[in-house]
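Just below is one structure, and these are the notes that go with it.
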Amino acid sequence: MGCPEGGVQPPPGSRAVHGQSAPLGFNQIVSRLRSAGCVFAEDEARLLLAGRAGPAELSLSVQRRVEGVPLEHILGWAEFAGGRVVVEPGVFVPRRRTELLVSEALDLLLGEALGLPPDAALPAPPVVVDLCCGSGAVGTAILRSAPHVELHAADIEPAAVRCARRNLEPLGGQVHAGDLFAALPRELRGRIRVLVVNAPYVPTEAIRTMPPEARLYEPAASLDGGPDGLDFHRRVAAGGIGWLAAGGHLIIETSQRQAAGTSAILAAAGFGTRTVHSEEVDGTVVVGRVAAGTH
């Protein structure tokens, strides 16, 4: 939900009435947000009004939004995959396109479970890893639909790790701090059934063209994918096969423009690949599969 950099200079947040502040009304908030370039001004106004604790806090929230602070950082949560996830300031805000990662992971996990014969002994819970997890939104959505999995998440950013723990630990997930696979417990090596990855993939030079709410309020480390945007995809592909179980899958978010490059990187590392695009959420992922006889 975008308000351009700087927006407009907001008028005073409220007017004094007998020494106290009169609350902003819905139409006033919509007008200010729309003047600042917020595309979904009415929706945002409703959310800001619903979350207010008093006139002064509401006025401050509207002013912050006009200045370009992400709505999710103001509210403290984001809507994602049919539920809410906690999003703290300084943490990457989950995008709707990333819901494709969730749906592809669930198709694999639930399809595998449904394929068992009725009299089959229940296998050990499949291990799922949400790498570069940010707020833990992807892992949270997976656990809500597939609570039987053993879910681990990891990120290098301390604020993201703290936020992900708030989202995942109540659901039974485990969150680790560190750089990619170095963050994971060694006993997971060779056991991961599904590895979901939303690593940074914005080319370095393209970051300056991004909306200010991303450029100014989300950590650069969660955006910058190197000169062509694919540096992290190379690192994940190179390390991923050793961590995945035989027949396991790596699902990595990319863009339509970069999908061929991401697919080629995974194929060169030994994965069988397919690319999936969703018009509904405008998302693109490359799915890599480890051959059954790899390990």
Side-chain angles (χ1 to χ4, degrees), residues 1-3 38 40 43-54 57-58 60-65 67-103 105-106 128-178 183-184 194 196-200 210-223 253 281 283:
M1 295 184 179
C3 293
C38 295
F40 303 102
D43 293 338
E44 295 194 18
R46 291 186 187 94
L47 290 169
L48 289 169
L49 279 164
R52 77 184 188 275
E57 182 176 333
L58 174 61
L60 178 60
S61 294
V62 173
Q63 181 175 335
R64 292 176 69 207
R65 184 64 187 126
E67 291 170 352
V69 177
L71 178 68
E72 294 82 359
H73 288 169
I74 297 169
L75 298 174
W77 57 268
E79 189 79 28
F80 183 78
R84 289 185 180 182
V85 292
V86 173
V87 180
E88 297 179 359
V91 175
F92 182 81
V93 176
R95 278 44 163 181
R96 186 163 182 249
R97 60 177 172 266
T98 304
E99 292 178 6
L100 183 58
L101 273 180
V102 176
S103 61
L106 290 174
V128 179
V129 170
D130 178 4
L131 203 61
C132 302
C133 68
S135 65
V138 171
T140 298
I142 289 172
L143 274 176
R144 284 173 176 164
S145 293
H148 65 289
V149 307
E150 178 185 339
L151 191 131
H152 296 259
D155 204 286
I156 198 170
E157 289 284 327
V161 171
R162 182 175 62 249
C163 186
R165 284 177 174 153
R166 290 181 64 189
N167 284 311
L168 286 167
E169 287 183 348
L171 300 175
Q174 300 178 52
V175 183
H176 313 283
L184 300 178
V194 177
V196 288
V197 184
N198 186 16
M210 294 183 72
E213 58 194 77
R215 282 189 291 106
L216 302 179
Y217 296 98
E218 294 179 327
S222 69
L223 304 172
E253 181 174 308
V281 300

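Here, residue 1 is the first one in the sequence, and each next residue gets the next number.
A side chain to side chain contact (heavy atoms under 4.5 Å, CB included) with I142 holds for exactly one of L171, V194, V102; it is V102.
Residue pairs meeting the ring-ring contact (aromatic ring centres under 6.0 Å, His included) criterion with at least one member in residues 150-169, sequence neighbours excluded, are H152-H176. Residue pairs meeting the side chain to side chain donor-acceptor pair (under 3.5 Å) criterion with at least one partner in residues 133-144, sequence neighbours excluded, do not occur; the list is empty. Listed by first and then second residue, the side chain to side chain donor-acceptor pair (under 3.5 Å) pairs that reach into residues 77-88 are E88-R162, E88-R166, sequence neighbours excluded.
Put simply, the side chain of T98 reaches to within 4.5 Å of the side chain of F80, judged on heavy atoms. The shortest distance between side-chain heavy atoms of L71 and F40 does not fall below 4.5 Å.
Between the R65 side chain and the V69 main chain, a donor and an acceptor come within less than 3.5 Å of each other.
Every side chain to side chain contact (heavy atoms under 4.5 Å, CB included) that P219 has, sequence neighbours left out, goes to E157, S222. R96 meets the side chain to side chain donor-acceptor pair (under 3.5 Å) test with no other residue; sequence neighbours excluded. Residues that satisfy the side chain to side chain contact (heavy atoms under 4.5 Å, CB included) test with E169, not counting sequence neighbours, are R165. A45 is linked by a side chain to side chain contact (heavy atoms under 4.5 Å, CB included) to F26, I29, V30, L33, counting only residues two or more places apart in sequence or in another chain. By the salt bridge (Lys or Arg N to Asp or Glu O under 4.0 Å) test, E150 pairs with R191, sequence neighbours left out. With sequence neighbours excluded, the residues forming a side chain to side chain contact (heavy atoms under 4.5 Å, CB included) with A214 are R95, M210, E218, listed by chain and number.
One finds the OH atom of Y217 at 13.5 Å from the CD atom of E72 (value rounded to the nearest 0.5 Å).
Taking all atoms of both residues into account, the shortest heavy-atom contact from P94 to V85 is CG-CG2, 4.1 Å.
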